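Every chain is numbered from 1, with letters handed out A, B, ... down the list of sequences. No experiment lies behind these values; they were computed from the predicted model shown.
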Amino acid sequence: MSDQFKISLPDGSVREMPLGSTPADVAAAIGPGLAKAALAARVDGELVDLSRPFTADAQLALVTSRDEADALDLARHDFAHVLAEAVQALFPGTQITFGPSTDDGFYYDFAPKDRQLTEDDLPAIEAEMRKIIAADKPLRREVWSREQLISRWQQQGESFKAEWAAELPGDEDLTVYWSGEDWLDMCRGPHLPSTGKLDPAAFKLTRVSGAYWRGDQANAMLSRIYGTGWLNKKQLAEHLTRLEEAGKRDHRKLGAEMDLFHLQQEAHGSVFWHPNGFKIWRELEAYMRRAIDAAGYREVKTPQVMDARQWEQSGHWGKYRENMFVIPDEVPNTEDDGPVISGEADWMALKPMNCPAHVLIFRQGIKSYRDLPLRLYENGCCHRNEPHGALHGLMRVRQFTQDDAHIFCREDQIVEEARAFCALADRIYQDFGFTYAVKLALRPDQRFGSEADWDKAEAELREAVVRAGMATDEYGWEELPGEGAFYAPKLEWHLTDAIGRTWQVGTLQSDRVLPERLDASYIGEDGARHRPVMLHRAIFGSYERFIGILIEHFAGKLPVWLAPVQAVVATIVSDADDYARDVVRQLEAAGIRVEADLRNEKINYKVREHSLKKVPHLLVLGKREAEEGTVALRSMDVEHQKVMPLAEAIAMLKAQATPPDVRATI
RNA sequence: GCCGCUUUAGCUCAGUCGGUAGAGCACAUCAUUCGUAAUGAUGGGGUCACAGGUUCGAAUCCUGUAAGCGGCACCA
């Protein structure tokens with residue numbers, strides 16, 4: 001064996017390095033600039049510390065801040081360690097547990113000694129972190145035996161770390177990283193060479209929250225500190241600006257500003273839709289009805305409340321009851337001092353989903369194989385008693401209306417029905433301007449049914465997406481092991497909004513369990529009874545959530561066809577009032593949602609107010625327009641107004657107010 | 001459900017050491033008729049989330065409840 005390693009560099013050159021040398025030595029040999037800029041190394045593709053000695057001939061690429069993804073991840077991971085060190089310095093006795101990097105920063109979970117950490121503690125912790133960074137403490141890797149490390153954690157009272165060390169899989173030795181000579185954490189690494197490589201102005205601690213140890217609510221509640229971390233101050237500032245912009249498009253804030261809806265304590269988790277908000281709803285409902293009518297669905301409406309025995313039979317009473325609203329089937333006692341209910345009545349429940357009711361419709365009469373596929377659609381209003389901490393504006397509510405349909409079909413129709421659904425969903429998401437990813441959630445650990453059934457069900461959905469031409473990177477095609485429902489695999493549609501966030505809305509699940517439980521059957525060509533397969537599917541998911549997503553996606557500036565108020569006619573002087581009333585009448589006749597603003601206010605004031613309410617078009621009328629029969633059209637996000645004859649403005653608004661699916665057929 | 005924070009006028013918020021509440025916007029009235037993001041004046045409006053407690057006295061301190069916010073867990 002030679003006493004030199006051959007180290008190949010990305011430019012193709014090869015350097016001979018003596019035994020015991022490290023990537024840092026290579027960087028130094030190339031030049032002092034690189035030695036200073038190097039943050040870590042990729043050796044044969046694996047990200048390692050600069051100080052990790054070579055063990056064989058290797059391909060080496062030095063990582064600098066130009067390799068942004070690697071550099072960010074290293075920096076964030078180091079910020080997490082510095083955070084942990086700072087917290088232990090300020091709050092002795094606090095146990096450290098676990099702290100990874102995240103998409104925009106890092107967090108670390110602590111088991112506090114006396115009290116939970118709060119946001120008031122963050123400035124002091126940030127200051128302490130900056131001290132540790134300024135001290136430029138070297139980060140040094142050491143390999144310890146498992147026993148040695150466990151006993152050190154136990155000695156230091158770090159019970160969480162000791163538990164973790166004992167349970168880490170495999171029987172290799174464990175690695176620790178020293179920060180200087182006085183603090184260490186168990187970590188696989190790699191890390192930057194020293195804390196001084198971090199930019200003290202490129203991070204900010206953002207919030208404190210609770211988090212369960214190892215993500216299990218049976219375990220202790222820890223204090224989690226979140227931070228955002230970057231390579232430099234500019235990146236941090238840009239990120240903070242992005243957060244601010246995201247906050248501005250928060251649907252809860254815009255919902256109030258645009259007078260769309262409100263929520264209040266007395267009906268928490270259920271939405272009060274105001275006239276403006278419900279105009280969006282109605283437009284979506286009309287859109288969806290056109291879509292499902294054209295796609296061969298039939299719309300139904302089913303009861304809000306059903307007997308508990310029905311829910312027992314469907315399996316919901318046993319498995320889902322904690323999320324259901326149950327109702328006693330009796331006339332309540334009206335005596336002032338008596339109990340309201342007897343406690344002896346039978347139970348009913350508000351429907352948490354529509355599927356059983358649709359099966360009950362299917363079961364009416366005898367179905368022939370010729371009746372299939374039978375596609376039953378409902379704007380189904382459901383109630384679920386969600387955990388209170390989960391409620392969030394329109395996105396997670398207790399009463400919601402699904403665009404829900406169930407396709408009852410024969411085994412041989414599954415793939416084609418699923419394919420057709422992929423095409424339908426694609427057209428609809430495009431109409432709203434969303435891009436999306438299609439994913440297949442595969443069998444979970446806890447599940448019903450045989451392996452053969454799962455093999456088949458997964459293959460059918462996969463085949464449907466392939467036939468739709470969507471099992472490609474372009475459609476974000478991905479399979480998610482273990483993510484399916486307990487009774488079936490499911491296809492999921494994840495929308496990407498204007499600022500890059502994703503929302504799961506659409507779904508398609510093939511279900512053989514519920515038809516069995518509720519005894520749905522049809523007569524086949526052979527004269528025998530067969531079980532239909534039930535495809536559960538939704539495109540909006542729920543109207544509430546979809547409207548929330550639309551508001552955030554468009555930052556309130558909805559396309560004209562969805563805007564609650566499509567145009568405001570605003571006068572400059574009262575001499576134009578009669579003309580304005582006539583303009584409003586003509587716009588209304590053309591089907592435009594228009595309002596008049598004849599108030600005795602300056603035009604500046606009116607412009608400002610309607611702009612804040614995100615009205616897409618403002619028709620400004622003064623003496624001149626009244627005399628000439630024109631309008632001065634000021635449109636959102638268009639710099640200059642345009643004066644045009646009224647007829648021209650009406651034609652233009654009418655075109656814009658036409659829903660995209662209707663436009664396509666004109 | 002769990003951890004932390006919050007709750008004062010319709011909205012956004014201020015309120016010091018415990019001494020019975022204040023601004024801007026909105027609303028009403030009056031004046032103003034004005035050319036593209038806030039015209040001026042005047043006025044009305046509050047059981048300080050709710051329920052207890054401490055105190056001579058509570059928006060303020062303590063306890064409980066509820067809702068909201070940020071996370072966690074949940075989302076068959």
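- Checking G71(B), G35(B), C75(B) against the side-chain heavy atoms of Met221(A) singles out G71(B) as nearest.
- A salt bridge does not link Lys613(A) with Glu257(A): none of the charged nitrogens is closer than 4.0 Å to a carboxylate oxygen.
- The residue Arg634(A) sits close to a base: some heavy atom pair falls under 4.0 Å.
- Of the P atoms belonging to U20(B) and C48(B), the separation is 14 Å, rounded to the nearest Å.
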Are there any protein N/O atoms within less than 3.5 Å of an N/O atom in nucleotides 59-68 of chain B, and if so, which ones and at what distance?
from   : atom 1 : to        : atom 2 : distance (Å)
A66(B) : O2'    : Gln265(A) : NE2    : 2.8
A67(B) : OP1    : His268(A) : NE2    : 3.0
A67(B) : OP1    : His388(A) : ND1    : 3.3

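- Nearest nucleotide to the Tyr605(A) side chain, out of C27(B), G35(B), C72(B): C27(B).
- The separation of A66(B) from G24(B), taken at their C1' atoms, amounts to 30 Å, rounded to a whole angstrom.
- In this entry G35(B) has no Watson-Crick or G-U wobble partner, no candidate having both defining distances under 3.5 Å.
- Atom CZ of Phe110(A) is separated from atom P of G4(B) by 17 Å (rounded to the nearest Å).
- Of all nucleotides listed (C2(B), G1(B), G70(B)), G1(B) comes nearest to the side chain of Pro387(A).
- Between U16(B) and G35(B), the distance separating the two C1' atoms is 49 Å to the nearest Å.
- When the P atom is compared between C50(B) and U7(B), the two are found 13 Å apart, to the nearest whole Å.
- For Tyr320(A) and C75(B), the shortest distance from a side-chain N or O to OP1 or OP2 is not below 4.0 Å.
- The side chain of His392(A) has G70(B) as its nearest neighbour among C2(B), G70(B), C34(B).
- For Ile572(A), whose side chain is taken as the heavy atoms from C-beta onward, the closest listed nucleotide among G35(B), U33(B), C72(B) is G35(B).
- In this structure A59(B) sits in no base pair that meets the Watson-Crick or G-U test at under 3.5 Å.
- Looking at Arg214(A) and Asp216(A), no side-chain N of the basic residue comes within less than 4.0 Å of a carboxylate O on the acidic one, giving no salt bridge.
- Using a 4.0 Å heavy-atom criterion, one finds that Tyr107(A) contacts no nucleic acid atom at all.
- A gap of 15 Å separates the P atoms of U6(B) and G64(B), to the nearest Å.
- Taking 4.0 Å as the cut-off between side-chain N and carboxylate O, Glu244(A) and Arg249(A) do not count as a salt-bridged pair.
- Pairing of A66(B), defined by two Watson-Crick or G-U wobble distances under 3.5 Å, is identified with U7(B).
- Closest approach to the Lys602(A) side chain among G70(B), U39(B), C75(B) is made by U39(B) (side chain taken as heavy atoms from C-beta onward).
- For Arg321(A) and G1(B), the CZ to P distance is 18 Å, given to the nearest whole Å.
- No contact: Leu222(A) has no heavy atom under 4.0 Å from any strand.
- Taking atom C1' on both nucleotides, C74(B) is separated from C3(B) by 16 Å, rounded to a whole Å.
- With Tyr487(A) as the fixed residue, the side chain to side chain donor-acceptor pair (under 3.5 Å) test singles out one of Arg512(A), Gln509(A), Arg447(A): Gln509(A).
- Contact annotation for Ala632(A): base contact, defined as any heavy-atom pair under 4.0 Å involving a base atom.
- The NE2-C1' distance, from His262(A) to U12(B), rounds to 18 Å in whole Å.
- Taking only distance into account, the side chain of Tyr212(A) never meets the base of G71(B) through a donor-acceptor pair shorter than 3.5 Å.
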